[in-house]
Amino acid sequence: MSRPLAAGVLFALALVGTATMASAQGLITVQKLSAPLANELVGDTVATCAQKGYAVTAVVVDLEGVRQAMLRGNGAPIPTLDNAFYKAYSAASLTLARKEDSTKAVADRMAKNPATTIPQTPLPNVTYAVGGVTIMAGGKAIGAIGVSGAPGGQFDEECARAAIAKIQDRMK
């Protein structure tokens, strides 16, 4: 092999190596619901609860806790706006490390463990109230939905799960 050709091959290999290192340190790809699907999810959740006589608010967040969609149902109390967000935010942030799927799973785990003697600092936007559900696609968490306003968190969660089931096949 001639020297110019060998130098060209080495240069090309160096470029490929640099490109590989750059992609390892560069951008990441994150999946989340599209705006239309997130809006459909909150709409179906509020409608499902309304059919049962519950006036609720539903909020969808991505895994960074950013609101993607929100809908306050007719007659849902004002505090449900914040509470639904807190439930979604908590489901998106607290459930990932332990592969839990809802704020109920977090609350159940905490109830089984002895109380801590270490003072706990309240975390902003975090609640342990039932009604936050992790949104999964392809076995991976992509966001969460929080629902507030039904006469119990278990009913908030039921409405969220029913709405997620309706769109599950389109989250690919």
Show the numbers, then the answer: is there a salt bridge (charged side-chain N to carboxylate O under 4.0 Å, His left out) between E100 and R109?
CA-CA 10 Å; E100 294 163 327; R109 174 178 42 84; 2.6 Å; yes

Test side chain to side chain contact (heavy atoms under 4.5 Å, CB included) on F85 and R67; report intermediate values, then the result.
CA-CA 8 Å; F85 168 67; R67 291 175 184 98; 3.2 Å; yes

Starting from the C-alpha separation in whole Å, work towards a yes-or-no answer on salt bridge (charged side-chain N to carboxylate O under 4.0 Å, His left out) for E40 and K166.
CA-CA 10 Å; E40 183 178 334; K166 288 181 183 180; over 6 Å; no

Where do V106 and Y128 land on the side chain to side chain contact (heavy atoms under 4.5 Å, CB included) test, with the steps shown first?
CA-CA 7 Å; V106 174; Y128 301 104; 3.9 Å; yes

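The nearest pair of heavy atoms linking V61 to Y89 is CG2-N, 4.1 Å. The two residues T48 and A162 come nearest to each other via the heavy atoms CG2-CB, 4.2 Å. The nearest pair of heavy atoms linking S90 to T127 is OG-N, 2.8 Å. Of all non-hydrogen atoms in R170 and L37, the two that sit nearest each other are NH1-CD1, 3.8 Å.
Residue pairs meeting the salt bridge (Lys or Arg N to Asp or Glu O under 4.0 Å) criterion with at least one partner in residues 26-38, sequence neighbours excluded, are K32-D62.
Under the ring-ring contact (aromatic ring centres under 6.0 Å, His included) criterion, F155 pairs with Y54, sequence neighbours left out. Remark: D101 engages R161 in a salt bridge (charged side-chain N to carboxylate O under 4.0 Å, His left out) (not counting sequence neighbours). Scanning for side chain to side chain contact (heavy atoms under 4.5 Å, CB included) contacts around Q168 gives I164, M171, with sequence neighbours left out. Residues satisfying the salt bridge (charged side-chain N to carboxylate O under 4.0 Å, His left out) test with D82, not counting sequence neighbours, are none.
More than 12 heavy atoms of other residues, nucleotides or ligands shown are found within 6.0 angstrom of CG on D169. Enclosure of atom CD in Q154 by more than 12 non-hydrogen atoms of other residues, nucleotides or ligands within 6.0 angstrom is indicated.
Checked by atom type and distance alone, the side chain of T45 never pairs as donor or acceptor with a backbone atom of A163 at under 3.5 Å. Using a distance-only test at 3.5 Å, with no hydrogens or angles considered, a donor-acceptor pair links the side chain of Q68 to the main chain of L33.
Checked options N125, T57, D156; the residue passing with K87 is D156 (criterion: side-chain hydrogen bond (donor to acceptor under 3.5 Å, both in side chains)). Residue V60 forms a side-chain contact (heavy atoms from CB on, under 4.5 Å) with just one option from L71, V66, L41, and that option is L41.
Residue V56 is grouped with residue I167 when hydrophobic side chains (ILVMFWY) are merged at heavy-atom distances under 4.5 angstrom, including chains of intermediate members.
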Expected list for residues 132-151: side-chain donor-acceptor pairs under 3.5 angstrom, two or more places apart:
from	atom 1	to	atom 2	distance (Å)
T134	OG1	A91	O	3.4
T134	OG1	T95	OG1	2.9
S148	OG	N83	ND2	3.1

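A salt bridge is absent between K112 and D108: the closest approach of a Lys/Arg side-chain nitrogen to an acidic carboxylate oxygen does not fall below 4.0 angstrom.
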